[in-house]
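One structure below.
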2 protein chains.
Amino acid sequence: MNIKDIAKLSGVGIATVSRVINNTGVVSEATRAKVMEVVKEYNYIPNGNARNLKKTQSNTIALMVKGISNPFFANMIKEVERQVNLRGCPLLIQHVEDGVDEINTALQLVKEKNLYGVIFMGGTYDHSEEKFKQLSIPFVLTTITTTQDVDPSVFSSVVIDDVQESYKATSYLISLGHRKICFLARFPLVQHTTGNRRLLGYIKALEEHGIEYDPALVEDCEYSPSSGFTATKRLLNKKKEITAVFAASDTIAIGAAKALLSLGLSIPNDVSIIGFDGIEMAEYYHPSLDTISQPGVDMAKASVEILFDLISGQSANKHTVFESVLVKRGSCRKIK
Amino acid sequence: MNIKDIAKLSGVGIATVSRVINNTGVVSEATRAKVMEVVKEYNYIPNGNARNLKKTQSNTIALMVKGISNPFFANMIKEVERQVNLRGCPLLIQHVEDGVDEINTALQLVKEKNLYGVIFMGGTYDHSEEKFKQLSIPFVLTTITTTQDVDPSVFSSVVIDDVQESYKATSYLISLGHRKICFLARFPLVQHTTGNRRLLGYIKALEEHGIEYDPALVEDCEYSPSSGFTATKRLLNKKKEITAVFAASDTIAIGAAKALLSLGLSIPNDVSIIGFDGIEMAEYYHPSLDTISQPGVDMAKASVEILFDLISGQSANKHTVFESVLVKRGSCRKIK
DNA sequence: GTTATCATGGGAAACGTTTCCCATAGATTT
DNA sequence: AAATCTATGGGAAACGTTTCCCATGATAAC
C-alpha cells in the first residue's frame, strides 16, 4: 500500500495525495475528503525512508545520552521526548557507551539518517571547535559545557554552573563548621568533565575559607551507589578524621551513606553528607539526603526549545545557565 | 558526497562501489582497495534512507519501553543495545507514554521505518491476537506475558512467572511467622498486568497457609518511592496491625520503608519488608532491603537472541521463563 | 466573444541506494 | 584457431516519496 495505490483508489494523481497528506499546496475540500477517506480506510502510513530520502532531511531529532542508567537523566529524557513529540517529531534515543565519542557517533547518525537536530546529554566537556563545525546541523549540549577554546557562537548549551554549585555545597558544609570535607566524583583522564569542574568549586570554597586542600580527602568514583560505597571505604581506611562528605551525585551519596551507616556511624551526628542532582531516591533514603538539586526537567524543556529555535533559524546559538537549589533535609549538621 | 561521486573518483561504476561497501558479489582485490581508499579519504557514509528504501527493509531494531525511568529497566536497556549493536544493527529506543498503546505505536513505526524487529519492554498484558498478527515483523515481549486467549505461537516472550515469584515472597514472609502482610502494587483498570498477577501469587500463598485475604491490606500505588510512601501512609492510617510489607517493586519498597522509618518504626524489628526487581538502590538502602531479584540483564540478552533467531527464520516463536532469586539482606525478621 | 486570471490537479524528475542482467575480456577447452 | 567458460564490472530499473512545472477548465475582465 503506497501513495500510488491511494492515488488510484481515490481517482486522483499522486501529487494530490501527497499534498493532502502533508497539508501543502491547494486542494479542494472535496478532493481532500475523498483522499482522506481512502487513507483512513486502508490505514495508509507514508514510507518514512522514501520521504526522508526525497526531502534530504528527516524530521527526526536524536538524543545522544551518555549514561542512560543515570536516574537523574530519566525524567529529563522523558521531558525531551514529550517536548519533541509535541512539535510533531519523532525522537531517536541513542545511548552512547562510556568512552565512545558522542560527537563521532552523532556525525555518523546525521549522515545516515538525515537528522533534523541533535541533543547531547551527559558526557565530557572536551570537544574541538572543528568537530562542532563538522556537525552541520543544529544541536544543543545539555548538561555539558566546554572550557576548551571553542568559539561560543558555534554551539548551544543548557547547563548549570558546576563550579559555582559545587562551591555552594562546599561553602554550606564549611558554614556548618566542617573542615575535614571529603569529595567524591569521577575524574577521567579527559579534562573538563563534570567531576573536574566540581572539584574546582570544592577547592575554591576551601581556599576562600583558608582551609588547606588535602588531595587525600578526594576519591575517584563512578556515579553509582556501589562505587560511592567502595570509595568511601577506601577513604575511611586512610584513618583521616572526616566530618563531612560531599558527593558529586546523589547515587554516590547513597553509596557513601551506606558505607558510613553500615559501620554504625550516624548521619548527621557523626558525619554530614550532601549529594548532587536531586533524584527522588535521595529524598526517600533514610536519613533523607541533602543535595544540590538541578532543575532537570526545565533544562530538558529549554534544550528542546533552543534546538527548535535553531532549526527554524529564529535565533543564533545560545547558552543558558540554570540555577540549582541547595535542598536541606537534615543530613548535614552544625558542628563545634 | 554520494555513491556516484565515489564511483567517479575511483574510476569504477556505482554498482561496484555498492558491492565493495556491502561486501556482496565479487570484486577483485585491486578494485576493492581502490574504492575503499576513496571511501576513507572522503569519509563517505551511505545514506540510510536510500538504502532502506531500496531494500524495503532497514536493519533497525526498535525497543519500545513503557516506563523508561524505571531503574530496573536501565540495565536491561543497556544490554539490549549492546546485544543489538553486536549484531551490527542500530537500536531505536522508543519511549511509550503510560496509557498509550505500545502495539499501535509500534505498528506505526514499522510501516514508517521498515523495522527489522521490535522488542517490547514493560507495559500491560492485554493484547489481542489480531493486533499481534497485524504486526507483521518479528517481535519479542520482554517483561510482558499474556493471559488473554492468544495462541502462543503468534508471539515470543521473555518473562518471569509473576504469580510464582510473588507466591515465593509471600510464603517467605509467612514462614517467618507473619500473618498481617501488606501488599503494594499498581492495579490499573486493564486486566492482566504485572500488579494483578503478583496479587494472585500473594493471595495464593495466603490461602495455602490458611490466612484470610484482607483487601484492606492491599494498596494501589505507582512504581515509585513517592507513591510507595503515600500508599504506606494510607495503610498505617487504617490502624491495622501490620507486621510485614511486600512491595511489587523495590522503588515502592523504598518509599514504604521511608514511611515506616520516618515514624520511628524499625525495619525489621517492628515491620519486615521485601521488594521486587533487585535494583542496586535496594541493596544500598539502609537497612538493605530483601527482594525478589530478577535476572534483568539475562532477560535482555535472551530477548535479543530470540528476536534474531526469529528474524533469521531459524526458529519459531518461543516463550522463555526466567527464575528470580529471593535475596535476603536482613530486612525481614522471624516473629513470635 | 476574446483574452487574462485563477484555482486545481497531474506528469515527471529527482533523492541515493541495491541488484538484476548483460557486456567484455581473458583464460581454458576442444 | 574457434568455441566456450569464467571473472569482473557496468548500465539501468526500481524502491516510495516530494515538488517543480505545466495543463486544464472555469471564471472574470475587457
Side-chain angles (χ1 to χ4, degrees), chain A residues 1-39 42-60 88 90 108-116 137, chain B residues 1-39 42-60 88 90 108-116 137:
Chain A
M1 184 59 47
N2 57 28
I3 200 171
K4 219 182 257 175
D5 299 325
I6 299 294
K8 204 168 294 173
L9 288 163
S10 331
V12 301
I14 56 170
T16 305
V17 176
S18 177
R19 277 187 287 256
V20 169
I21 291 169
N22 298 291
N23 260 310
T24 55
V26 244
V27 182
S28 71
E29 204 35 66
T31 312
R32 169 179 306 280
K34 196 169 53 181
V35 172
M36 280 313 288
E37 194 184 332
V38 178
V39 165
Y42 291 88
N43 194 22
Y44 166 66
I45 296 172
N47 181 303
N49 290 126
R51 230 176 184 171
N52 298 337
L53 171 61
K54 180 57 190 132
K55 300 207 291 190
T56 59
Q57 181 180 79
S58 80
N59 61 342
T60 305
Q108 181 101 8
L109 222 53
V110 166
K111 286 209 189 181
E112 221 178 277
K113 308 245 187 212
N114 296 116
L115 295 179
Y116 207 42
I137 63 162
Chain B
M1 182 60 48
N2 57 27
I3 200 171
K4 219 182 257 176
D5 299 325
I6 299 294
K8 204 169 293 171
L9 288 164
S10 332
V12 301
I14 55 170
T16 305
V17 175
S18 177
R19 278 186 286 256
V20 169
I21 291 168
N22 298 290
N23 259 310
T24 56
V26 245
V27 182
S28 72
E29 204 35 66
T31 312
R32 168 178 308 279
K34 195 169 52 184
V35 172
M36 281 312 290
E37 195 183 333
V38 178
V39 166
Y42 291 89
N43 195 22
Y44 166 67
I45 296 173
N47 180 303
N49 289 126
R51 231 176 183 171
N52 298 337
L53 172 61
K54 181 58 190 132
K55 299 207 290 189
T56 59
Q57 182 180 79
S58 79
N59 61 343
T60 305
Q108 180 102 7
L109 221 55
V110 166
K111 285 211 191 181
E112 219 178 278
K113 308 245 184 209
N114 296 116
L115 295 179
Y116 207 42
I137 62 162

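Note on naming: letters A, B, ... go to the chains in the order of the sequence lines (proteins, then strands), and numbering restarts at 1 for each one. Atoms considered below: every heavy atom in the structure, side chains included; atoms not considered: hydrogens, waters and symmetry mates.
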For [X] and [N], give me the distance from atom [atom1] to atom [atom2], rounded to whole Å.
X	N	atom1	atom2	result
A:I3	C:dG9	CD1	C1'	13 Å
B:M1	C:dT17	CE	P	11 Å
A:K8	C:dG10	NZ	P	14 Å
B:N114	C:dT17	CG	P	17 Å
B:N52	C:dT17	CG	P	12 Å
A:N47	D:dT18	CG	P	10 Å
A:K54	C:dA12	NZ	C1'	11 Å
B:I14	D:dG9	CD1	P	15 Å

Subject >> Audit row: A:V12, A:R19, side-chain contact (heavy atoms from CB on, under 4.5 Å) steps and yes/no >> reply: CA-CA 11 Å; A:V12 301; A:R19 277 187 287 256; over 6 Å; no
Listed nucleotide nearest any side-chain atom of [X], set [options]:
X	options	answer
A:S18	D:dT18, D:dA14, C:dC20	D:dT18
B:A15	C:dT18, D:dG11, D:dT17	D:dG11
B:R51	D:dG9, D:dT18, C:dT17	C:dT17
B:L53	C:dG16, D:dG10, C:dT17	C:dG16
A:K55	D:dT17, D:dC15, D:dT19	D:dT19

Can you tell me how far apart [atom1] ([X]) and [atom2] ([Y]) are? Round to the nearest 0.5 Å.
X	Y	atom1	atom2	result
A:D5	A:I14	CG	CD1	11.0 Å
B:K34	B:E37	NZ	CD	10.0 Å
A:M1	A:N43	CE	CG	10.0 Å
A:T16	A:I21	OG1	CD1	11.0 Å

So, for [X] and [Y], which heavy atoms are closest and what is the spacing to 0.1 Å?
X	Y	value
A:I137	A:Y116	CD1-C, 4.1 Å
A:K113	B:P90	NZ-CG, 4.5 Å
B:S28	B:T31	OG-OG1, 2.7 Å

Original post:
Where each residue is assigned the nucleotide of DNA chain C containing its nearest heavy atom, which of B:P46 and B:R19 is assigned the position nearer the 5′ end?
Top reply: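 Nearest-nucleotide comparison on DNA chain C picks B:P46.
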**OP:** Could you give me the CA-CA distance, side-chain angles and deciding distance for A:N52 and B:E112, then say whether side-chain contact (heavy atoms from CB on, under 4.5 Å) is met?
**Re:** CA-CA 11 Å; A:N52 298 337; B:E112 219 178 278; over 6 Å; no
Original post:
Can you tell me if the side-chain N/O atoms of B:T56 get under 4.0 Å from OP1 or OP2 in D:dC15?
Top reply: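 For B:T56, the contact criterion (side-chain N or O under 4.0 Å from OP1 or OP2 of D:dC15) is not met.
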**OP:** Determine: side-chain N/O of B:Y44 to OP1/OP2 of C:dG16, distance under 4.0 Å, yes or no.
**Re:**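 Looking at the OP1 and OP2 atoms of C:dG16, neither is under 4.0 Å from any side-chain N or O of B:Y44.
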Original post:
Do any of residues 22-37 of chain A sit with a heavy atom less than 4.0 Å from DNA chain C, and if so which?
Top reply: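 A:V26, A:V27, A:S28, A:T31 - these, ordered by number, are the residues of the stretch whose heavy atoms sit under 4.0 Å from the strand.
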Original post:
For B:V12 and B:A50, take the nucleotide of DNA chain D holding the closest heavy atom to each; which residue's nucleotide lies nearer the 5' end?
Top reply: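 Closest to the 5' end, via its nearest nucleotide, is B:V12.
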**OP:** With B:N47 as reference, evaluate A:N49, A:N114, A:T56 under the side-chain hydrogen bond (donor to acceptor under 3.5 Å, both in side chains) test and give the passing residue.
**Re:**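 Passing option: A:N114.
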Original post:
Using the C1' atoms of five pairs at each end, what's the angle between the two axes of the helix from C:dG1-D:dC30 to C:dT30-D:dA1, to 10 degrees?
Top reply: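 About 50°, once rounded to a multiple of 10°.
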